[in-house]
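When a ligand or atom number is given, it counts from 1 through the structure's own listing order. Not measured: the values here are computed from a predicted model.
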Amino acid sequence: MQHLSEVLKILDGALKANASMATSYAGLLADKLESDGEKQQARMIRERLARAPMAVASAQGAGHGHMLGQMPTDNDSRLNTVDYSQPTLETSEVLLPDAIQNRLLEFIQCVEHHDALQRAGAAMPNRVLIYGPPGTGKTQTARWIAARLKLPLLTVRCDTLVSSLLGQTSRNLRRVFDYAQQLPCVLFLDEFDALAGARGNERDIGELQRVVIALLQNMDALPDSTVLVASTNHEQLLDPAIDRRFPFHIPMPIPDTALREGLWRKLLGSYAPDELDWKELASLSEGATGATIEHVSLDAKRSAVLAGQARAQKLVLLRRLGLTLALAKGERLTTTEQEIRWLRAWAQSHFTFRALAALYDLPLRQVQNLLNEDKGSRDGIQEKAEPGKKKRQPK
Ligand SMILES: Nc1ncnc2c1ncn2[C@@H]1O[C@H](COP(=O)(O)OP(=O)(O)OP(=O)(O)O)[C@@H](O)[C@H]1O
Ligand SMILES: [Mg+2]
């Protein structure tokens, strides 16, 4: 069983009626599951933690020692507004194009040599904004930055910081920034656009304006040496005044072919199917994000483990990939027939009649009939659409 030690600690906490121990290890377990790609399970744990009664919620912080004794909480829900974690380099590795990797290393260097830079009058605030489409590794990069700097990560989920009580959001923000200054840490504002949406935005109802102003004030009051990382899927929604306060902007791209190959190699590891053509796999997965590749790899690994095999099967892996890409393109494949047609059209050389019959445990003739029917009706449509062309053909 994976993560048994966390589960045992949670059990210990429960048996000793030590809510703080149980909840802090449950938070750690959620982090680990998330980094394994099990987002859904991580979310289920966090949702339960979020429902913890007030006494537990305040004890949650105490579990981390005196430093975290007064973790900031939302007055309305009485829940912590930050998550504490200590990412390691092993669990936060992120593959990025060289130019972006170099930019990140430059940021790390600026943080590490902040004092020297300040003495030379050349320091910049230790702040970086990471932006890009979902699943491209923004959160993972924030974890990597903390691991690389050997600092704990204080994650603020900005959407949960926005309180239902008017005026409370700015107070929450203030507490978070005050708190982050009490311990060496990387303060990570995830889903930052929830807070930093532009003033004058049409959804703006006054509260958002106040939040942006409070954010600006808090950022200005923060010492330049405090490491602040913010991430967003919607860079264009950020208020320009906030945008300007980040000297480093790091774009997270949808991976190109070379990066996809690296991601497949890393994520499949020793479970990679025999005789896999990596280049072909990378090219077939055009448009896939790191999150998609991770998801498909984990699925294929799981199938291998459940089938008692040491390696994933190529066709099982390709089927998962094909169906995931179909979903991402908005295809609704609700029947086996639709799946078979899609896979055949997507990667014909792999999904032969025979392979499809074996994969779906169907008689070969049934698969042949299904796909030949399609071919027949496609030819028929073509004939109807281009009757003249057909007549001219014979010579
Ligand atoms: N470039 C990458 N290198 C390594 N792993 C990656 C990369 N991109 C994504 N992943 C993996 O995919 C999963 C999702 O990544 P992450 O949560 O960092 O994405 P995100 O950009 O923060 O997405 P969202 O906008 O949905 O929050 C993580 O488990 C991460 O390990
Ligand atoms: Mg994220």
Side-chain angles (χ1 to χ4, degrees), residues 2-3 28-43 45-46 82-83 85 87-105 128-148 153-161 186-197 229-238 249-269 282 285-302 320-321 324-325 327-328:
Q2 268 193 322
H3 310 311
L28 183 61
L29 178 60
D31 287 354
K32 293 200 166 180
L33 286 169
E34 185 163 80
S35 73
D36 285 349
E38 299 288 358
K39 280 196 165 181
Q40 169 92 353
Q41 293 181 13
R43 209 192 60 225
I45 293 176
R46 291 202 181 105
V82 298
D83 269 353
S85 63
T88 61
L89 285 174
E90 294 77 54
T91 59
S92 63
E93 194 193 354
V94 61
L95 300 188
L96 294 170
D98 285 349
I100 294 176
Q101 185 72 33
N102 289 342
R103 191 84 182 119
L104 272 174
L105 289 172
V128 58
L129 177 70
I130 305 172
Y131 63 95
T136 47
K138 298 181 296 297
T139 300
Q140 182 81 336
T141 302
R143 292 166 50 78
W144 178 84
I145 290 173
R148 184 64 209 254
L153 186 70
L154 277 190
T155 302
V156 182
R157 283 162 202 279
C158 295
D159 44 353
T160 57
L161 196 72
V186 171
L187 177 58
F188 175 38
L189 303 176
D190 205 0
E191 320 283 349
F192 189 48
D193 42 286
L195 280 182
V229 179
S231 95
T232 178
N233 295 341
H234 308 285
E235 200 216 5
Q236 72 288 356
L237 290 185
L238 298 189
H249 285 68
I250 307 242
M252 301 299 277
I254 300 272
D256 63 9
T257 319
L259 198 63
R260 289 199 298 275
E261 185 180 332
L263 283 163
W264 282 118
R265 284 182 186 273
K266 165 176 137 63
L267 294 164
L268 282 171
S285 49
E286 163 118 51
T289 60
T292 310
I293 293 177
E294 185 176 73
H295 175 72
V296 172
S297 301
L298 283 173
D299 265 356
K301 273 190 199 175
R302 260 190 297 269
R320 302 248 182 238
L321 174 61
T324 308
L325 291 176
L327 200 67

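Checking Leu259, Thr139, Leu33, Ile100 against atom 22 (O) of ligand 1, the nearest heavy atom belongs to Thr139.
For atom 14 (C) of ligand 1, the nearest non-hydrogen atom of the protein is Ala291 CB, 3.8 Å. Regarding atom 19 (O) of ligand 1, its nearest protein heavy-atom neighbour is Gly137 N, 3.2 Å. Regarding atom 18 (O) of ligand 1, its nearest protein heavy-atom neighbour is Gln140 N, 2.8 Å. Closest to atom 1 (N) of ligand 1, if we only count protein heavy atoms, is Leu95 O, 2.7 Å. Nearest protein heavy-atom neighbour of atom 30 (C) of ligand 1: Glu294 OE2, 3.8 Å. In terms of protein heavy-atom proximity, atom 20 (P) of ligand 1 is closest to Lys138 N, 3.5 Å.
At a heavy-atom cutoff of 4.0 Å, ligand 1 is contacted by both the backbone and the side chain of Thr136. Neither the backbone nor the side chain of Thr141 comes within 4.0 Å of ligand 1, counting heavy atoms alone.
Two residues are said to be in side-chain contact when any heavy atoms from C-beta on lie closer than 4.5 Å; Ile100 and Pro253 meet this criterion. Side-chain atoms of Thr289 and Pro134, non-hydrogen and from C-beta on, never get closer than 4.5 Å to each other.
Proximity of a side-chain donor or acceptor of Lys138 to a complementary backbone N or O of Ala230 within less than 3.5 Å is not detected. Checked by atom type and distance alone, the side chain of Lys301 pairs as donor or acceptor with a backbone atom of Leu267 at under 3.5 Å.
Between Gly135 and ligand 1, a contact under 3.5 Å exists for at least one N or O pair.
Atoms of ligand 1 found under 4.0 Å from any heavy atom of Leu263 (numbered from 1 in listed order, with element): 2 (C), 3 (N), 4 (C).
Contact annotation: Lys39 has at least one heavy atom less than 4.0 Å from an atom of ligand 1. Taking a 4.0 Å cut-off on heavy atoms, His295 fails to register as neighbouring ligand 1.
At a threshold of 2.8 Å, the Mg ion (ligand 2) has a backbone or side-chain N, O or S atom of Thr139 nearer than that distance.
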